[in-house]
Amino acid sequence: MNYHQYDSPIFRMACQQFDQVADFMEIPEAARNRLKMPKRALSVAVPVRMDDGRTEVFMGHRVQHHLTLGPTKGGIRFHPDVTVGEVAALAMWMSWKCALVGLPYGGAKGGVACNPRELSLGELERLTRRYTQELIPVIGPQVDIPAPDVGTNEQVMAWIMDTYSLQMGYAVPGVVTGKPVLLGGSLGRREATGRGVAYLISRAMDTIGLVGSGATAVIQGYGNVGAVAAVSLAKQGIKIIAVSDAFGGIYNQKGLDLMKLDAYVAETRSVVGFSEADPISNEEMLILNCDILVPAALERQITEVNAAKLQCRILAEGANGPTTPEADAILTKRGDVMVIPDILCNSGGVIVSYFEWVQDLQSFFWSEGEVMDKLYRLLEQAFIQTLNLAKKKEVSLRFAALSLGIKRVHDAKVLRGLYP
Ligand code: NAD
């Protein structure tokens, strides 16, 4: 099949993963493209009045992967490399992820090709509002519900909610998740992905008999997911020996003082230059000797070049798509690294986004304890199901997780049938 406008390394990677699982599960050939190809994609030109008076046009996209189980759900990314192919791959992974953890959603993703760090606050707000305006025909609490991703945050979600609500004429908190608590956001949403990553790491440690106290972790990407995961791991007694961001990495074998590091990052907006650590490159960091490696930045970081050199015992994929299929094959063959696959590992974010949406629809809000309790219960269930299937079929955890997710979407499509 020709992938047309989605064709890109990352979309091909998502399709390759799907095809391998479809072969294994013997999904009929006729059903495959229907499962794989995104239902809808909207690409929009987003004109923005810049502070210097110029009008700059940015390209924005939103891809909705399938509509079989409910509205679609997925983050919005502001990053210079955003393309419709990347967005489509991320939307597909969201579908398998939602199905794996039992949420009544299809996957979606959106993004604008821009560098948010180079925009003033006013420019960022105008870009967000215009992009939202262009998406109004395809988003809504019963249609498609965006959330934060790389380069977007609670403030961006608040602007999306406001723009949509102004068009409707009344407040519609359920149109986005990951918004501020005051506007109908959920307690625990901001921390959900990182805490979920740490929870699953502790379950993986139990599985392979690794003890928390004294264990070491390396985290690539010190943003929302990476920084929260770091704090949660440190609370389990794990030493964070290296972290990085888009500007570089830092390393201290004795363990980084995260309180001091967070204060430093709040001031400088980067980990680079932190005085109590040495600089380290991205390449070196990924192959450091450690117990736990958490890629929590972008896709395609663990590749055929470095997979054989990884020295960790657990690879916890906080990011979406950090491991290429070639690297995955190397790791599966090695058999000494437990890979917690992305669609399971970072699913805490969409789980609490789902809780936020449910709370918004009911206008009835839960305590943080209730949110976390429900989150860990869903994660535990998905972890056990994935582990059991992997053991039973003698496949990797990624294969098992994808199989569970893809099978549920396939079964739902069979039950609904094909119209007309
Ligand atoms: P973020 O923008 O808050 O943080 C991303 C971090 O990665 C930043 O510190 C950035 O500087 C860093 N980074 C970018 N390029 C890098 C590089 N080449 N090397 C090292 N660091 C680099 O984004 P986030 O929300 O934390 O998302 C991170 C990953 O987690 C993405 O893959 C995203 O899709 C995934 N994810 C996020 C959520 C969520 O709730 N935010 C949920 C599920 C999955």
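All ligand and atom numbering here is 1-based and tracks the order in the structure. The structure presented is a predicted model; accordingly, all values stated were derived computationally and were not measured.
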Inset, instruction - In sequence, state the C-alpha distance, the side-chain angles, and the governing distance for R77 and E86, and then conclude on salt bridge (Lys or Arg N to Asp or Glu O under 4.0 Å). - result: CA-CA 10 Å; R77 178 172 290 195; E86 179 190 63; 3.3 Å; yes
Inset, instruction - Consider every N or O of A246 and every N or O of ligand 1, then say whether any pair is closer than 3.5 Å. - result: yes
Inset, instruction - Mind telling me whether F78 and Y131 have parallel, tilted or perpendicular rings, with 30° and 60° as the class edges? - result: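 The rings of Y131 and F78 stand perpendicular, inter-plane angle above 60°.
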Nearest protein heavy atom to [atom], by residue and atom, and its distance?
atom                    : value
atom 4 (O) of ligand 1  : G223 CA, 3.3 Å
atom 41 (N) of ligand 1 : V225 CG2, 3.9 Å
atom 15 (N) of ligand 1 : L298 CD1, 3.5 Å
atom 40 (O) of ligand 1 : T193 OG1, 2.7 Å
atom 21 (N) of ligand 1 : D245 C, 3.1 Å
atom 29 (C) of ligand 1 : A297 O, 3.3 Å
atom 23 (O) of ligand 1 : V150 CA, 3.5 Å
atom 33 (C) of ligand 1 : D149 OD1, 3.2 Å

At under 4.0 Å between heavy atoms, which part of [X] makes contact with ligand 1: side chain, backbone, both or neither?
X    : value
A296 : backbone
E191 : neither
N320 : both

Salt bridge [X]-[Y], side-chain N to carboxylate O under 4.0 Å:
X    : Y    : result
R190 : E356 : no
R203 : D206 : yes
D144 : R62  : yes
R12  : D7   : yes

Ligand 1 atoms in contact with [X] (distance to a heavy atom under 4.0 Å):
X    : result
R189 : 40 (O)
R77  : 31 (C), 32 (O), 33 (C), 34 (O)
G151 : 2 (O)
Q220 : 19 (N), 20 (C)

Side chains of [Y] and [X]: any donor to acceptor distance under 3.5 Å?
X    : Y    : result
T323 : D328 : no
T163 : T132 : no
E304 : T324 : no
W93  : Q17  : yes
N224 : N153 : no

Inset, instruction - Just go through N346, V272, N224, I343 and tell me whose heavy atom is the nearest to atom 1 (P) of ligand 1. - result: N224
Inset, instruction - Establish whether atom 18 (N) of ligand 1 and some protein heavy atom are separated by less than 4.0 angstrom. - result: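 No.
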